[in-house]
Amino acid sequence: MRIDVITIFPDYMAPLREALLGKAIERERISVGVHDLRGWTHDVHRAVDDSPYGGGPGMVMKPQVWGEALDEVCAGSDSPPRLVVPTPAGSPFTQQTAVRWSEEPWLVFACGRYEGIDQRVMDDAARRMPVEEVSIGDYVLVGGEVAALTMIESVVRLLPGVLGNPASAEQDSFSDGLLEGPCYTRPEAWRDLPVPDVLRSGNHAAIDRWRRYQALERTWQRRPDLLEALSDDELDRADRAR
Ligand SMILES: COc1cccc(Cn2ccc3ccc(-c4cc(N)[nH]n4)cc32)c1
């Protein structure tokens with residue numbers, strides 16, 4: 001998978017070179033390009049923003065600069081990339097989105113700042129490539145870089161050979177529609193807090209049942225919406241699968 005990120009703060013993307021993601025690059029599971037949007041400015045001030053039409057607070061990112069950047073970054077392949085534009089006004093990014101994008105050969109992330117990117121940039125790009133405007137949650141960030149890092153990590157971890165233990169990705173939270181239950185490790189007692197006996201029993205059928213119950217209870221308590229989204233059949237299947 002090829003990943004390109006366009007941003008006015010390229011150093012913000014430094015975590016891509018660390019740890020798991022850094023290893024994926026070293027092992028050539030992914031190639032990552034980070035591009036400074038100001039490289040496509042032509043004025044002495046290297047301006048990327050301007051006042052919003054219709055008035056209102058803040059500034060809007062100029063279409064000309066983004067247009068030239070996307071023309072160059074998204075060129076050079078038989079098939080175009082999927083363009084991902086983080087925005088608070090986007091469709092929800094979910095684990096299902098990450099799974100779908102993990103099949104893509106090439107993702108380009110357009111990281112906006114200020115009040116966002118002139119809409120015509122996405123409208124023009126959509127004429128020659130798939131474009132998705134996505135939100136990572138119902139809160140407002142200052143720019144798209146943290147959202148891009150979040151989405152890139154959740155996608156890349158799904159690629160073959162990236163996670164040390166591929167089973168982790170297969171048993172992801174949300175993958176069966178439920179939250180993960182609690183986890184424990186040594187010591188058996190810590191600050192007078194014990195590990196549930198069943199987990200040390202060696203009875204794997206009982207352990208599975210306990211974990212299923214914990215996942216259902218936690219989902220019911222913290223994310224009842226996930227249970228509503230599950231049909232009875234899916235709930236039964238989730239119950240059987242755990
Ligand atoms: C576009 O509308 C906006 C309204 C108020 C502030 C901002 C700031 N901002 C600029 C670019 C940008 C990209 C992504 C996000 C973002 C995504 C999520 N889930 N929260 N926040 C926020 C961004 C934008």
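Just follow the structure's listing: the first ligand is 1, and inside any ligand the first atom is 1.
In this structure, the side chain of S77 engages the main chain of S79 through a donor-acceptor pair within 3.5 Å.
Residue Y139 has at least one heavy-atom neighbour below 4.0 Å for each of these atoms of ligand 1: 18 (C), 19 (N), 20 (N), 21 (N). Of all the atoms in ligand 1, the ones that sit under 4.0 Å from a non-hydrogen atom of Y114 are 7 (C), 8 (C), 9 (N), 10 (C). Within ligand 1, the atoms closer than 4.0 Å to a non-hydrogen atom of S135 are 19 (N), numbered from 1 in the order shown. Annotation for ligand 1: atoms under 4.0 Å from non-hydrogen atoms of V140 are 5 (C), 6 (C), 20 (N), 21 (N). Shown in contact with V142 at under 4.0 Å from a heavy atom are these atoms of ligand 1, numbered in order with element: 8 (C), 9 (N), 10 (C).
When side chains are defined from C-beta on, W106 counts as touching D4, because their heavy atoms get closer than 4.5 Å. Side-chain contact check for R200 versus E188: some heavy-atom pair is nearer than 4.5 Å. Two residues are said to be in side-chain contact when any heavy atoms from C-beta on lie closer than 4.5 Å; P86 and M151 meet this criterion.
Residue L83 comes nearest to A110 through the heavy atom pair CD1-CB, 4.1 Å, listed as atom of the first residue, atom of the second, then distance.
Considering only non-hydrogen protein atoms, atom 1 (C) of ligand 1 sits nearest to E115 O, 3.3 Å. Considering only non-hydrogen protein atoms, atom 15 (C) of ligand 1 sits nearest to P88 CD, 3.5 Å. Of the protein's non-hydrogen atoms, the one nearest atom 21 (N) of ligand 1 is L141 N, 2.9 Å. Nearest protein heavy-atom neighbour of atom 13 (C) of ligand 1: P86 O, 3.2 Å.
The shortest heavy-atom distance from G143 to ligand 1 is under 4.0 Å. The shortest heavy-atom distance from G137 to ligand 1 is under 4.0 Å.
More than 12 heavy atoms of other residues, nucleotides or ligands shown are found within 6.0 angstrom of CD on E104.
On a distance-only criterion, G144 and ligand 1 share no N/O pair closer than 3.5 Å.
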CA sep, side-chain torsions, deciding dist, call: E18, K23, salt bridge (charged side-chain N to carboxylate O under 4.0 Å, His left out)
CA-CA 7 Å; E18 298 296 323; K23 286 275 184 297; over 6 Å; no
Test log, rule salt bridge (charged side-chain N to carboxylate O under 4.0 Å, His left out), inputs R38 and D43:
CA-CA 10 Å; R38 293 192 196 276; D43 62 304; over 6 Å; no
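Looking at A147 against ligand 1, nothing comes within 4.0 Å, counting heavy atoms.
In this structure, W101 has its ring center closer than 6.0 angstrom to the ring center of F93.
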